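Down below is the structure, laid out as structure tokens.
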Amino acid sequence: MLALETPQPASVLYARVSRVITPMEWPAFAADAEAILRLKRQREAIILAHNYQSPEIFHCVADVVGDSLALAREAARSDAKVIVMAGVHFMAETAKLMNPSKIVLTPDLKAGCSLAESITPADVALLRAAYPGVPIVTYVNTSAAVKAVSDICCTSANARKVVESLGVPRVIMIPDEYLARNVAAETSVEIIAWRGRCEVHEQFTAADIRELREAHPDAIVLAHPECSPEVVAAADFAGSTADMIGYVGQKRPARVALVTECSMSDNVAVHYPEVEFVRPCALCPHMKRITLAKIRRALETLSDEVTIDPAIAAPARRAVERMLAL
Ligand code: 13P
Ligand code: SF4
């Protein structure tokens with residue numbers, strides 16, 4: 001059953017983020033945050049927020065927060081009338097695929113992703129022709145149209161498991177070259193990669209990690225597998241955004257560096273005041289298109305709605321469901 005939080009006064013909301021948002025900054029968010037909590041009840045809506053969303057979204061108005069895998073699962077089981085995706089477009093499309101009878105809203109239609117942009121269905125057709133019979137594992141960071149011509153999806157949390165579940169010696173993994181190479185380093189399955197890159201994670205270099213370790217010798221370094229294999233090799237641990245958060249929660253290192261999008265550290269720091277976060281981070285300009293003001297507008301106007309051509313939706317849903325069933 002849909003159980004929405006009772007609207008809270010701005011002072012209660014501010015207490016949740018006071019470690020990472022200054023009293024000077026908060027007035028810019030307060031009215032929108034209060035309005036969103038009221039609107040969610042009126043619309044019977046939930047907000048799913050990715051771990052890269054800004055703290056005022058993540059801690060003050062989201063009903064569910066998580067990595068791509070968790071958000072896809074939550075979208076599938078939600079009984080809300082309206083799902084607002086505080087994340088990028090492929091995440092909103094995945095929510096619509098998983099729960100097609102719901103109204104799925106994106107606060108900004110332009111919130112894209114460099115990986116999703118890096119490959120088209122025509123490219124996938126060329127790969128199929130070049131490697132007949134080799135299954136295609138598609139990262140969830142792709143359009144529904146690309147998922148529709150793929151065999152199975154994966155996320156950074158389950159990529160190796162998905163690859164090995166196919167029981168074949170060779171797979172094509174699209175579109176993230178670095179994720180594919182990082183999985184290839186962990187499995188005996190041969191992986192044919194595409195040349196897509198995350199414009200955020202490709203910025204980090206092994207030299208950055210060396211400098212970071214010189215400046216903070218006791219810091220534990222956690223990296224996202226969209227980083228290059230050299231960065232992943234230089235880190236202490238690599239995993240999805242949820243895996244990184246889980247690592248901090250379990251091990252409580254005195255000092256940690258999350259080699260990923262900047263908001264992650266702020267969002268996690270709120271829960272672990274005893275952990276010092278060193279911030280070698282980069283902003284995702286697409287994730288940052290989502291703001292409280294745009295979420296409020298989406299709920300007020302019930303737009304922009306995400307729709308998917310049914311001819312694409314059916315095969316794309318199969319690829320995501322096949323992953324979720326593992
Ligand atoms: P996660 O699935 O780890 O949350 O990653 C999504 C993403 O876009 C990372 O850049
Ligand atoms: Fe896409 Fe990279 Fe932004 Fe994630 S961080 S949404 S992979 S551009």
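Both counts, for ligands and for their atoms, begin at 1 and track the order of listing. Each residue takes its place number in the sequence, starting with 1. These numbers come from a predicted model, not from an experiment.
Atoms of ligand 2 lying under 4.0 Å from any heavy atom of S114, numbered from 1 in the order shown and given with element: 8 (S). Applying the 4.0 Å criterion to heavy atoms of L115 picks out, from ligand 2, the atoms 7 (S). For ligand 2, the atoms lying closer than 4.0 Å to a non-hydrogen atom of N141 are 7 (S). The atoms of ligand 2 that sit less than 4.0 Å from any heavy atom of Y52 are 5 (S).
Among L179, L115, N141, the single residue meeting the side-chain contact (heavy atoms from CB on, under 4.5 Å) criterion with C198 is L115. For the side-chain contact (heavy atoms from CB on, under 4.5 Å) with Y178, the qualifying choice from C227, P229, P225 is P229, the only one to do so. Considering S150, S68, S156, C113 in turn, S156 is the only one that fulfils the side-chain contact (heavy atoms from CB on, under 4.5 Å) rule with Y139.
Contact between E226 and ligand 2 is present, with at least one heavy atom of the residue lying under 4.0 Å from the ligand.
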Need the list: ligand 1 N/O atoms against protein N/O atoms, distance under 3.5 Å, rounded to one decimal.
residue: ligand 1; atom: 2 (O); partner: S68; partner atom: N; Å: 3.2
residue: ligand 1; atom: 2 (O); partner: S68; partner atom: OG; Å: 2.8
residue: ligand 1; atom: 3 (O); partner: S156; partner atom: OG; Å: 2.9
residue: ligand 1; atom: 3 (O); partner: H224; partner atom: NE2; Å: 2.8
residue: ligand 1; atom: 3 (O); partner: T241; partner atom: N; Å: 2.9
residue: ligand 1; atom: 3 (O); partner: T241; partner atom: OG1; Å: 3.4
residue: ligand 1; atom: 4 (O); partner: H50; partner atom: NE2; Å: 2.6
residue: ligand 1; atom: 4 (O); partner: S68; partner atom: N; Å: 3.3
residue: ligand 1; atom: 4 (O); partner: T241; partner atom: OG1; Å: 2.6
residue: ligand 1; atom: 5 (O); partner: H224; partner atom: NE2; Å: 3.3
residue: ligand 1; atom: 8 (O); partner: N141; partner atom: ND2; Å: 3.2
residue: ligand 1; atom: 10 (O); partner: E226; partner atom: OE1; Å: 2.7
residue: ligand 1; atom: 10 (O); partner: E226; partner atom: OE2; Å: 3.3

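Within a 6.0 Å sphere centred on CZ of F237, other residues, nucleotides and ligands contribute more than 12 heavy atoms. When the shell of 6.0 Å around CD of E117 is examined, it contains 12 or fewer heavy atoms from other residues, nucleotides or ligands.
Nearest to atom 3 (Fe) of ligand 2 among the protein's heavy atoms is C284 SG, 2.4 Å. The protein heavy-atom contact nearest to atom 2 (Fe) of ligand 2 is C198 SG, 2.3 Å.
Distances from atom 3 (Fe) of ligand 2 show that C113 has no N/O/S atom below 2.8 Å.
The closest side-chain donor-acceptor pair between D266 and S263, if any, does not fall under 3.5 angstrom. Side chains of H286 and E199: a donor on one and an acceptor on the other come within 3.5 Å.
With K102 contributing its side chain and K96 its backbone, the two residues share no donor-acceptor pair below 3.5 Å.
Ion pair R213/D236 flagged as a salt bridge, since at least one NZ, NE, NH1 or NH2 atom sits closer than 4.0 Å to an Asp/Glu carboxylate oxygen.
In the hydrophobic cluster analysis, where Ile, Leu, Val, Met, Phe, Trp and Tyr join through side-chain heavy atoms closer than 4.5 angstrom, L71 is grouped together with M287.
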